[in-house]
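Notes to accompany the following structure.
By convention in this document, chain letters (A, B, ...) are assigned in the order of the sequence lines, proteins followed by strands, and residues within each chain are numbered from 1.
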2 protein chains.
Amino acid sequence: MKHNDSSQIRDLLERLSRLHASEDWSGDINPSQRAALAYLARANRFSRAPSQVAQYLGATRGTVSQTLKALARKELIEEVRSQSDKRSISYDVTKAGFATLDFSTAIDAALADMNIGDRQQLTKSLGSLLTGLLQKRGDRSFGICSTCRHNIKSDTGTWCGLLELSLTPVDTKQICHEHNGG
Amino acid sequence: MKHNDSSQIRDLLERLSRLHASEDWSGDINPSQRAALAYLARANRFSRAPSQVAQYLGATRGTVSQTLKALARKELIEEVRSQSDKRSISYDVTKAGFATLDFSTAIDAALADMNIGDRQQLTKSLGSLLTGLLQKRGDRSFGICSTCRHNIKSDTGTWCGLLELSLTPVDTKQICHEHNGG
DNA sequence: CAGATATAGTAGCGAGTCGCTATTATTGCA
DNA sequence: TGCAATAATAGCGACTCGCTACTATATCTG
């Protein structure tokens, strides 16, 4: 019973991401740095601290701390210290950082060649696999703010019932570490 | 047009493989070493040289050379020097090497929870994405020997029309670097 | 309110990845 | 026979990665 669907899927994922990673060195950064940068670019202002990046990427805080320092040295992100909690740091992506993310690899070209239906089907399958994986690991979902059970829309705007503060339209379209799909 | 299906699929692949990699350190080896070891365990006797591992993984020969030396130090694989071409080396996976590959992670558990149809669908989609990617990159397919256009079955056995030698039943079930699907 | 405990971030270690540029053996071609 | 291609490797510099401290806050609880 050596090569069933499960191990084949694992192998395919492994191989795809290795081939992708080998093309992912453009713009003076390595694949790990790019992954962290890409997360920061999509995360809302409550979710851009080292611990949260670490959780999202499944790495340790120590490793991520180093990676973020490297990105800051390259001026692709910048430190923002918090007033309220003097221990915590948040990182904002700079203009140069966003620019670095704007490129495409052979995998994008291959995806462009797939028909729309297959692509949507694949998005759905990978999404549900990820959800299952996160559940098994007991990890947070890191979903989009507007789809969260704590997100309350009213006439006067949008409110986060967990953090107890009002949300901007930008916030609600981004990834939140407190996201709970319910 | 920032977050369409394509970039979402790329993100999902990235995140799944990072989360998987973080669990992939069991048995005293790291994810890269495991990937090389897993390839060697599935490749036929004509396809176990450093150059071929490098092509399969999309890494450079230098990197792979180091990785294989590390695996050899740990006695999970062993060097086999070729008589015919004194430059080339091949690696065989040892018993301990095969044993190291025999474990499962949260992603296997998540896959086990999917229904069979979805799993087969996912296998198919990922397979065709990989095929497209390899084509874009101009890489070899590394398919199973028996599905190759050079594979010739006759009463007396199986023959490789490219390498011009006879194939054992084991050979034909393994990955070949000369594979050509036609 | 004063500990005790938890949390956020980091330094430093050791092993190893990774792209890169040589360098050393062959091998095969012209 | 010479010379370009090929196989493998060495060594470099930047970095990842899990790990174990360690510091500076925050929060909880008696």
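As judged by a 4.0 angstrom heavy-atom cut-off over every strand, B:Ser84 is placed among residues touching the sugar-phosphate backbone only. No contact: A:Ala70 has no heavy atom under 4.0 Å from any strand. If you check every strand for non-hydrogen atoms under 4.0 Å, B:Arg81 touches nothing.
Ranked by how close their nearest DNA chain C nucleotide is to the 5' end, A:Ser22 and A:Tyr91 are led by A:Tyr91. When the nearest nucleotides of DNA chain C are assigned to A:Thr63 and B:Gln66 by heavy-atom distance, the more 5′-ward of the two goes with A:Thr63.
Taking only side-chain nitrogens and oxygens, A:Asn30 never comes nearer than 4.0 Å to OP1 or OP2 of D:dA14. Distances shown here put a side-chain N or O of B:Gln33 below 4.0 Å from the OP1 or OP2 atom of C:dT17. OP1 or OP2 of D:dA14 has not a single side-chain nitrogen or oxygen of A:Lys69 nearer than 4.0 Å. Distances shorter than 4.0 Å separate some side-chain N or O of B:Ser32 from OP1 or OP2 on C:dC18. Considering only side-chain N and O atoms, A:Ser65 lies under 4.0 angstrom from the phosphate OP1 or OP2 of C:dT10.
Closest to the A:Arg73 side chain, of the nucleotides C:dG9, D:dA8, D:dC15, is D:dC15.
Summarising the geometry, atom OH belonging to B:Tyr56 is positioned 14.0 Å from atom NE2 belonging to B:His177; distances are rounded to the nearest 0.5 Å.
Between the side chain of B:Lys74 and the backbone N or O of B:Ile29 there is no donor-acceptor pair closer than 3.5 Å.
One N or O donor and one acceptor, one from the side chain of B:Arg87 and one from the base of D:dT6, sit under 3.5 Å apart.
C:dT17 atom P lies 22 Å from atom CD1 of A:Ile29, rounded to whole Å. Taking atom CG on B:Leu19 and atom P on D:dG18, their separation rounds to 11 Å, with Å as the unit.
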